[in-house]
> 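The following block contains the structure, expressed as structure tokens.
The shown structure was predicted, so the numbers you read here are calculated from the model rather than taken from an experiment. The first residue of the sequence shown is numbered 1, and numbering continues consecutively from there.
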Amino acid sequence: MILLNSGLAQDDSINKFKCIEDFCNEKSYIAAKVLINISPTLYGIKPATLLTFCRRRERDCIGLWDRYKKELVLDKSIKYIELRRTPRNLMVFFYNQAFLHKQVFNKKNLKFLARFGYSENQTLDEMLTHLKSRYLDSCPHEIGIFLGMPLKDVLGYLKLIPLRCSYSGYWKVFGKPEKQKLLFEKFRTTTHRVINLICSGEDPIRILGKPMKYYAVN
């Protein structure tokens, strides 16, 4: 299983999100949770984001997602599929359809994915259905490709190439880390931006439905 970091846990900005929890109604709260976590995907710099909703005593995010998901109008470029549901956790895969198609149908990525039963003859929807079936038991290794990780980092994590981990951010980077460091900084900048928008009074439900370019990060 490839472990990914949200990038928020070690970031002071998440404290701002915690500060607004008590001020949001339930629908706004779940919208803010989705918005903050998928912002790099929503604004076109990451093909997909896997978001876990949890059922906890203080806040049942699975229940809130089930109640309000049909009312959350996402930017038309963003789709989602529920990959796995347990009594306590729900994994929802949010993706930019065009960006994800380009990522998984890359020739090198397709060759790697073929090991796990994917085919270039499948549609993107069929690939996601296969990914969901493989998620029944545990998180499959190839999820990294779907989430936008470079193939070398997936192969490095699986110890299939002789590269050492050189940096750990949103995922473990193998080989030269400079390119990924810049990308991770874009992820953080986007996340900071939407948190600051929410804290300044912007409605998270409204932001979710905005075209990507409206709040784009250069």
> Can you check whether Leu50 reaches Val92 side chain to side chain, under 4.5 Å on heavy atoms?
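Answer no - side chains too far apart.
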> For Lys33, is there any backbone N or O sitting under 3.5 Å from a side-chain donor or acceptor partner on Asn37?
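Confirmed, Asn37 side chain pairs with Lys33 backbone.
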> Less than 4.5 Å apart, side chain to side chain, heavy atoms only: is that true for Phe99 and Ile78?
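No, too far: nothing below the 4.5 Å cut-off.
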> In sequence, state the C-alpha distance, the side-chain angles, and the governing distance for Ser133 and Thr129, and then conclude on side-chain contact (heavy atoms from CB on, under 4.5 Å).
CA-CA 6 Å; Ser133 71; Thr129 298; 5.9 Å; no
> Should Phe146 and Leu128 count as side-chain neighbours, where that means a heavy-atom distance under 4.5 Å?
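Yes, at least one pair of side-chain atoms sits under 4.5 Å.
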> Have a look at Pro204 and tell me which of Leu72, Ile30, Leu197, Leu35 forms a side chain to side chain contact (heavy atoms under 4.5 Å, CB included) with it.
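It is Leu35; the other options fail the test.
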> So, do Val173 and Phe184 sit near enough that their side-chain heavy atoms are less than 4.5 Å apart?
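SC-SC contact between Val173 and Phe184 confirmed.
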> Do Ile161 and Phe112 sit in the same hydrophobic cluster, where Ile, Leu, Val, Met, Phe, Trp and Tyr count as joined when their side-chain heavy atoms come under 4.5 Å apart?
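Linked, Ile161 and Phe112 end up in one cluster.
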> Check whether Tyr29 forms a cation-pi arrangement with Arg59 (NZ or CZ under 6.0 Å from the six-membered ring centre, at most 45° off the ring normal).
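That pair qualifies as a cation-pi contact.
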> Going by atom types only, do Ser39 and Thr190 share a side-chain donor-acceptor pair under 3.5 Å?
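Per modelled atom types, Ser39 and Thr190 side chains form no pair under 3.5 Å.
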> Does the pair Leu100 and Phe93 meet the rule for a side-chain contact (heavy atoms from CB on, under 4.5 Å), with working shown?
CA-CA 11 Å; Leu100 183 61; Phe93 183 82; 3.7 Å; yes
> Any side-chain heavy atom of Thr191 sitting closer than 4.5 Å to one from Pro40?
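In short, these two side chains touch, coming nearer than 4.5 Å.
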> Taking the inter-plane angle between the rings of Tyr80 and Trp65 on a 0 to 90° scale, is it parallel (under 30°), tilted (30 to 60°) or perpendicular (over 60°)?
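Geometry flag for Trp65 against Tyr80: perpendicular rings.
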> Run the side-chain contact (heavy atoms from CB on, under 4.5 Å) check on Thr49 and Lys46 step by step: do they pass?
CA-CA 8 Å; Thr49 299; Lys46 190 172 184 289; 4.1 Å; yes
> Using every non-hydrogen atom in the two residues, find where Lys181 and Arg188 come nearest and quote the distance to one decimal.
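Looking at all heavy atoms of both residues, the shortest contact is O-NH2, 4.3 Å.
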> Can you give me the closest heavy-atom contact between Cys165 and Phe174, atom names plus distance?
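Between these two residues, the closest heavy atoms are N-CD2, 3.4 Å.
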> Give the minimum heavy-atom separation between Leu208 and Ala31, together with the two atoms involved.
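Nearest heavy atoms, Leu208 then Ala31: CD1-O, 3.8 Å.
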> With sequence neighbours left out, write down each residue that passes side chain to side chain contact (heavy atoms under 4.5 Å, CB included) with Asp203, or none if nothing qualifies.
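Asp203 satisfies side chain to side chain contact (heavy atoms under 4.5 Å, CB included) with Ser28, Ile205, Arg206 only.
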> Is there a donor-acceptor pair under 3.5 Å between the side chain of Ser77 and the backbone N or O of Asn96?
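Absent.
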> Is a donor on one side and an acceptor on the other found under 3.5 Å between the side chain of Gln103 and the backbone of Ile145?
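Confirmed, Gln103 side chain pairs with Ile145 backbone.
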> May I ask you to decide if Glu178's main-chain N or O and Lys176's side chain share a donor-acceptor pair within less than 3.5 Å?
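Judged by distance alone, no pair lies under 3.5 Å.
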> Would the distance check show the side chain of Thr52 and the main-chain N or O of Met91 forming a donor-acceptor pair, the cut-off being under 3.5 Å?
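Here the side-chain-to-backbone pair does not exist.
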> With a 3.5 Å distance limit and no angle check, can you tell me whether Glu71 reaches the backbone of Tyr68 through a side-chain donor-acceptor pair?
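No, Glu71 side chain to Tyr68 backbone: no donor-acceptor pair under 3.5 Å.
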> Using the side chain to side chain contact (heavy atoms under 4.5 Å, CB included) criterion, which residues pair with Arg134? Sequence neighbours excluded.
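Residues passing side chain to side chain contact (heavy atoms under 4.5 Å, CB included) with Arg134: Phe116, Tyr118, His130, Pro140, Glu142.
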> Once you round to the nearest 0.5 Å, how far does NZ of Lys79 lie from OG1 of Thr41?
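The NZ atom of Lys79 sits 14.5 Å away from the OG1 atom of Thr41.
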> Please check if any side-chain donor atom of Thr123 sits under 3.5 Å from a side-chain acceptor atom of Asp125, or the reverse.
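No.
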> Roughly how far apart are Leu42 CG and Ile207 CD1, rounded to 0.5 Å?
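If we round to the nearest 0.5 Å, Leu42:CG and Ile207:CD1 are 9.5 Å apart.
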> Taking C-beta and beyond as the side chain, do Val34 and Leu51 meet within less than 4.5 Å on heavy atoms?
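A side-chain contact exists here, since the closest heavy-atom pair is under 4.5 Å.
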> I'd like to know if Val73 and Ile81 are part of one continuous hydrophobic network [Ile/Leu/Val/Met/Phe/Trp/Tyr, side-chain heavy atoms within less than 4.5 Å].
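No, separate clusters.
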> How far apart are the closest heavy atoms of Leu113 and Val104, and which atoms are they?
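That closest heavy-atom pairing would be CD1-O, 3.9 Å.
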> Mind checking whether Asn106 and Leu110 have side chains closer than 4.5 Å, heavy atoms only?
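A side-chain contact is absent here, since even the closest heavy-atom pair is not under 4.5 Å.
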> Quick one: CG on Leu83 to CD1 on Ile143, what's the gap to the nearest 0.5 Å?
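It is 6.0 Å, given to the nearest 0.5 Å.
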> Over all heavy atoms of both residues, which pair between Met149 and Val154 is shortest? Give the atoms and the distance, please.
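Heavy atoms only, the tightest pair is CB-CG2, 4.0 Å.
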> Report yes if the side chains of Trp171 and Pro150 come closer than 4.5 Å at any heavy-atom pair, otherwise no.
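Side-chain contact under 4.5 Å: yes.
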> Listing request: all salt bridge (Lys or Arg N to Asp or Glu O under 4.0 Å) pairs with a residue in residues 82-108, at least two apart in sequence or in separate chains.
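Of all non-adjacent pairs touching residues 82-108, those that pass salt bridge (Lys or Arg N to Asp or Glu O under 4.0 Å) are Asp66-Arg85, Lys69-Glu82, Glu82-Arg85.
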> Taking atom CD as the centre, does Glu120 end up with more than 12 heavy-atom neighbours from other residues, nucleotides or ligands that are less than 6.0 angstrom away?
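Check fails, neighbour count at 12 or below.
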> Can you tell me how far CG of Leu64 sits from CD of Glu26, rounded to the nearest 0.5 angstrom?
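If I round to the nearest 0.5 Å, the distance is 5.0 Å.
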> What are the two closest heavy atoms between Ile62 and Pro87, and how far apart are they?
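Closest approach of Ile62 to Pro87: CD1-O, 4.3 Å.
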> Donor-acceptor check, side chain of Lys172 to backbone of Asp153, threshold 3.5 angstrom: yes or no?
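No; judged by distance alone, with no hydrogens or angles, the pair does not exist.
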> Whether the side chain of Asn109 engages the backbone of Phe105 through a donor-acceptor N/O pair (distance < 3.5 Å, no angle test) should be reported.
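No, because the side chain of Asn109 does not come within donor-acceptor range (under 3.5 Å) of the backbone of Phe105.
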